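These figures come from a predicted structure and were not determined experimentally. Residue numbers start from 1 in every chain, and the chains themselves are labelled A, B, ... in the order their sequence lines are given, proteins ahead of strands.
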Amino acid sequence: MFWTQSTLGAAHPSGNLSLHGIKSLQYKSTRILSQLPCKSSYQRRPFSNKNMTVELDSNTGVAVIQMKKPPVNSLSLEFLTEFAINMEKLEMDRECRGVVLTSSIPKIFSAGLDINEMYGKTPEHSGEFWRAVQEMWLKLYGSNMVTIAAINGSSPAGGCLMALACDYRIMADNPKYAIGLNETKLGIVAPFWFKDSIINVIGRRATEHSLQLGLMYSASDALKVGLVDQLVPQDKIMTHALSVMSEWLAIPDHARQITKSMMRKPTLDRLLTNRESDIQNFVNFISKDSIQKSLQLYLEMLKQRKS
Amino acid sequence: MFWTQSTLGAAHPSGNLSLHGIKSLQYKSTRILSQLPCKSSYQRRPFSNKNMTVELDSNTGVAVIQMKKPPVNSLSLEFLTEFAINMEKLEMDRECRGVVLTSSIPKIFSAGLDINEMYGKTPEHSGEFWRAVQEMWLKLYGSNMVTIAAINGSSPAGGCLMALACDYRIMADNPKYAIGLNETKLGIVAPFWFKDSIINVIGRRATEHSLQLGLMYSASDALKVGLVDQLVPQDKIMTHALSVMSEWLAIPDHARQITKSMMRKPTLDRLLTNRESDIQNFVNFISKDSIQKSLQLYLEMLKQRKS
Amino acid sequence: MFWTQSTLGAAHPSGNLSLHGIKSLQYKSTRILSQLPCKSSYQRRPFSNKNMTVELDSNTGVAVIQMKKPPVNSLSLEFLTEFAINMEKLEMDRECRGVVLTSSIPKIFSAGLDINEMYGKTPEHSGEFWRAVQEMWLKLYGSNMVTIAAINGSSPAGGCLMALACDYRIMADNPKYAIGLNETKLGIVAPFWFKDSIINVIGRRATEHSLQLGLMYSASDALKVGLVDQLVPQDKIMTHALSVMSEWLAIPDHARQITKSMMRKPTLDRLLTNRESDIQNFVNFISKDSIQKSLQLYLEMLKQRKS
């Protein structure tokens with residue numbers, strides 16, 4: 001096939017031209033922002049948030065999201081909500097074509113879900129929290145933008161999930177950093193869409209092994225198993241991420257978006273179809289006395305560690 | 001996610017606590033044993049059988065099944081029935097958390113299905129035999145226990161299937177040992193659940209190649225293609241298997257079991273749904289005059305070889 | 001399993017004996033040839049065509065299809081029709097058990113779909129053209145014969161698809177040759193069955209990466225990612241292809257065919273089920289003014305290059 005990219009280069013995120021009737025990624029999610037200005041006038045001007053900094057370079061069309069919630073970028077309800085709003089802003093911004101996700105906390109990308117959101121909370125709160133976890137993943141896995149994870153620290157559980165949802169993963173080549181879905185090690189189970197996310201990256205056999213043992217991979221093992229795509233020296237990770245991004249942005253948005261949708265839609269649809277029951281399962285689980293007691297003990301242990 | 005394993009460590013095989021509503025592996029199979037004592041008092045005391053020895057170490061919770069049916073551990077109806085009973089005993093024994101499957105016959109793990117069960121038998125017998133083959137696989141692939149194959153010899157066809165059904169495969173590093181689903185080489189076809197089993201381990205492309213050519217892999221090639229997970233020197237294989245087992249048993253049973261079920265249930269369900277038609281297909285095939293004639297010739301050839 | 005291959009060796013393409021009720025590859029396609037002589041008497045006598053040479057060696061049962069349409073073996077309607085007729089002839093010829101697909105054009109295997117078939121044509125013509133593209137793939141991916149691609153040159157887009165549809169891919173070890181589904185680079189999208197074809201060969205993660213970026217792999221990178229199975233020196237490619245073919249032909253046809261069908265049928269069925277809508281989508285896409293304009297510009301550019 002031989003025609004030029006000029007053909008389809010016109011409309012960016014709103015277009016839905018398709019060779020084979022497949023539309024760009026779309027899903028029926030909670031619209032967090034009902035109205036947003038379509039044109040933004042900032043140029044490399046960060047719009048700061050509490051838990052992350054978002055900086056969009058309107059020359060390159062690339063935004064950098066730096067997570068900055070001490071001590072470990074844990075995914076609280078507030079963090080997740082802020083993240084989803086930022087992703088939606090960028091998605092609707094015609095100037096933004098790609099996102100690099102990284103951390104400004106030393107040695108940690110994200111430690112995953114915030115346990116404080118699960119202890120001593122009402123079922124309503126737990127349900128709201130879990131919906132926000134889902135929304136983070138839906139926004140990231142289903143993004144029309146190019147998404148690159150610059151994993152500059154350890155990234156267990158929910159942190160690993162964020163990386164898995166991106167288009168490309170670059171990890172700092174540091175033997176002390178580890179990444180993986182380690183839920184079973186903690187006595188819990190990664191839900192089906194965590195499982196789908198990792199199967200789509202490292203394949204079925206490696207996933208069975210990885211999830212059953214809750215494996216945390218060193219950077220080099222993560223590369224070997226395909227959990228990350230490249231290792232680079234810590235101080236080169238952002239430069240390299242932006243360089244990879246420019247390769248991805250050389251592809252006409254439209255063709256890339258439709259292709260991405262064709263690959264990811266079945267996986268997105270599985271959660272969208274089962275979203276409410278997935279929330280209900282989480283709420284039922286987290287409300288159990290035995291689980292609450294265990295969370296209490298764990299939180300006390302964390303407090304003692306700090307002091 | 002961060003809570004401790006103490007949470008879920010309580011109930012072993014009977015529990016069905018789940019984060020996301022997925023229950024442990026369960027399937028509606030022929031209950032071979034209707035009543036079994038739930039508490040066993042043996043400690044490293046083997047309960048011997050005709051075709052295999054089963055030794056459970058109640059300190060470690062690990063059982064070793066040693067196949068010992070001369071000359072090649074062929075899977076006869078009697079062997080398969082005994083195997084299923086043993087698996088069910090262990091599954092229901094609260095003291096048993098893991099099984100190592102190996103052979104006490106030199107140079108052979110298992111040579112696969114016993115051809116004597118297919119020649120000159122009634123359709124009823126053939127159907128009963130095939131149901132026993134299915135049951136062996138269902139028990140092994142669907143086990144809640146950790147299952148490790150210590151492949152200390154060659155393992156074609158049905159022998160390979162047994163290894164594929166385990167959680168982890170360790171093979172003796174001996175260039176003379178080979179493993180694979182070599183059915184096409186013999187002019188026959190591996191049924192769909194053999195195919196599913198190998199796809200889930202080595203992936204789709206390698207499976208297409210492997211099954212079409214009926215490839216038998218040397219130990220080192222088996223490692224390369226992912227058909228086995230590790231090679232170790234022959235005399236270290238049991239020590240190593242037990243060492244790997246202890247890593248798996250460090251994971252809370254419950255979380256691991258639910259995770260295993262989440263991964264394997266769709267594959268188990270495919271056979272459970274099509275079990276009767278799969279039996280009928282086998283019986284129809286094996287009853288053909290041309291097949292019976294061929295079996296006769298093959299058995300005569302085997303007899304001549306012996307003498 | 002142990003019976004001899006003599007069992008099933010009798011009937012070649014018409015047989016439908018099966019261990020598990022799975023029949024050989026069959027699909028309801030446009031029968032291009034309604035009546036063909038079942039016995040052919042040629043022996044290494046090529047039957048020439050306009051766009052390719054087909055040479056069947058009745059001693060070995062192996063046909064070689066050499067594509068020879070200057071300048072780049074582009075897949076025109078005429079080419080595709082001729083190809084489908086040849087495949088059907090060979091499929092029905094009891095003497096033919098395997099096909100090697102290669103090119104007699106230096107440095108190019110096939111450059112993919114012919115853009116001239118898409119510019120300034122009626123919707124009827126476009127529909128006919130797309131149906132021929134589908135038919136080429138259905139004939140090749142669903143062939144009962146052993147199909148080996150001897151990729152002796154570059155092979156983008158539709159050329160890569162032809163190679164992907166074969167059972168085995170051998171590529172000339174020349175760093176100047178590249179292969180891949182590069183559609184997005186041209187601003188277009190590979191349809192779902194192109195995507196299915198490549199997933200089945202290189203897996204899901206590599207496909208997502210490959211299709212989004214429209215990657216063209218050098219010969220050595222194609223080997224690494226699994227897009228081709230082997231590299232051999234350019235001048236050894238046919239000798240090697242025939243040698244690999246003889247290994248495949250050592251397997252009883254019947255067992256191999258049923259196994260191939262078991263692996264490929266779901267993928268074939270997806271296109272067969274959606275064939276008309278896939279054509280309609282293509283026609284709608286290609287009829288757009290913007291696309292036609294783009295094709296015009298592209299064709300003018302090609303003309304200027306030549307002069």
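Separation of atoms CG (A/D253) and OG1 (C/T184) is listed at 11.5 Å; rounding is to 0.5 Å. Considering CG of C/L211 and CD1 of A/I258, their distance stands at 13.0 Å, rounded to 0.5 Å.
Not a single side-chain contact (heavy atoms from CB on, under 4.5 Å) links A/S246 to another residue, sequence neighbours left out. Annotation: side-chain contact (heavy atoms from CB on, under 4.5 Å) contacts of A/V232 (sequence neighbours excluded): A/I170, A/I237, A/H240. In this structure, the side-chain contact (heavy atoms from CB on, under 4.5 Å) partners of C/D221, at least two apart in sequence or on a different chain, are C/Y217, C/S218, C/K224.
If you measure heavy-atom distances from A/D167 to chain C, the contacts under 4.5 Å come from both the backbone and the side chain.
When each of C/E208, C/Q212, C/K195 is checked for heavy-atom pairs under 4.5 Å with chain A, C/Q212 comes out on top.
Residues of residues 197-206 of chain A lying within less than 4.5 angstrom of chain C, judged on heavy atoms, are A/N200, A/V201 in numerical order.
In plain terms, the two heavy atoms of C/G187 and A/P252 that are nearest each other are CA-CG, 3.7 Å.
Using cut-offs of 30° and 60° on the angle between ring planes, the pair A/W248 and C/H209 is parallel.
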